[in-house]
Amino acid sequence: MNFTETAKNYSKQKRKMMTDAVINNRNHQRNFPVHHADSLNIMFAEWHLLFPAQKQDINCTSCRAAICKFWEVMVDEWIEMENTPKKTPNGSKKTKTK
């Protein structure tokens, strides 16, 4: 699975929704030993839209851990995509003349 390809296919609105879900889940887990229910439901729903053939059970501990880890990596990929500077073609650089 190529995370970069998958990350590029998401719109800004869905990126924000998934980023908020991951952040809410992480913040909730800092205070309580369980996942944030709404965030977990969003992450599982998006997983099943992305990978309909790979069913994951929300009641399975390892499935929950895998889904959360996947979305955390995706959020990291989106942050990296936003922070990398865009490459400009070689001919469009302006240089100062002396």
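Excluded from the calculations below are hydrogen atoms, water molecules and symmetry mates; all remaining heavy atoms, backbone and side chain alike, are included.
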Practice prompt. Starting at CE of Met74, measure out to CE of Met18 and round the result to the nearest 0.5 Å.
Written response: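 Reported value, rounded in 0.5 Å steps: 9.0 Å.
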
Discussion item. Once rounded to the nearest 0.5 Å, what's the spacing between atom CD1 of Ile67 and atom CH2 of Trp47?
Written reply: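 Result: 4.5 Å between the selected atoms.
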
Please name the pair of heavy atoms, one in [X] and one in [Y], separated by the smallest distance, quoted to 0.1 Å.
X     : Y     : result
Leu40 : Arg64 : CD2-CD, 3.5 Å
Met43 : Trp71 : O-NE1, 3.1 Å
Asp57 : Cys63 : O-CB, 3.3 Å
His48 : Gln56 : CE1-N, 3.2 Å
Arg30 : Asn27 : NH1-OD1, 2.7 Å

Discussion item. Please say yes or no: joined through hydrophobic side-chain contacts below 4.5 Å, possibly via intermediate residues, are Val75 and Leu50 part of one cluster?
Written reply: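 Cluster IDs for Val75 and Leu50 match.
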
Fill in: Phe51 reachable from Met17 in the ILVMFWY side-chain graph, under 4.5 Å edges
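Met17 clusters together with Phe51.
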
Item to complete: Indicate yes or no for a side-chain donor-acceptor contact from Trp78 to the backbone of Lys16 under 3.5 Å, with no hydrogens or angles considered.
Response: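 Checked: no pair found.
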
Discussion item. If hydrophobic residues (ILVMFWY) are linked whenever their side-chain heavy atoms come closer than 4.5 Å, directly or via other members, who joins Ile23 in its cluster?
Written reply: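 Ile23 clusters with nothing; isolated.
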
Worksheet item: For Ser11, what residues pass the side-chain contact (heavy atoms from CB on, under 4.5 Å) criterion, not counting sequence neighbours?
Response: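 side-chain contact (heavy atoms from CB on, under 4.5 Å) check on Ser11 returns Gln13, Lys14.
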
Item to complete: Tell me, please, which residues at least two apart from Asn24 pass side-chain contact (heavy atoms from CB on, under 4.5 Å).
Response: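 Result, side-chain contact (heavy atoms from CB on, under 4.5 Å) vs Asn24: His36, Ser39.
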
Worksheet item: Does CZ in Arg26 sit with more than 12 non-hydrogen atoms of other residues, nucleotides or ligands closer than 6.0 Å?
Response: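 Not buried by this count: 12 neighbours or fewer within 6.0 Å.
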
Fill in: Results of salt bridge (charged side-chain N to carboxylate O under 4.0 Å, His left out) for Glu80 - residues two or more places apart only
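Glu80 satisfies salt bridge (charged side-chain N to carboxylate O under 4.0 Å, His left out) with no other residue.
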
Worksheet entry | Under the salt bridge (charged side-chain N to carboxylate O under 4.0 Å, His left out) test, residues paired with Asp76 that sit two or more places apart |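 Applying salt bridge (charged side-chain N to carboxylate O under 4.0 Å, His left out) to Asp76 gives none.
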
Worksheet item: With His35, which residues qualify under side-chain hydrogen bond (donor to acceptor under 3.5 Å, both in side chains), at least two apart?
Response: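 In terms of side-chain hydrogen bond (donor to acceptor under 3.5 Å, both in side chains), with neighbours along the sequence ignored, His35 is linked to Asn25, Gln29.
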
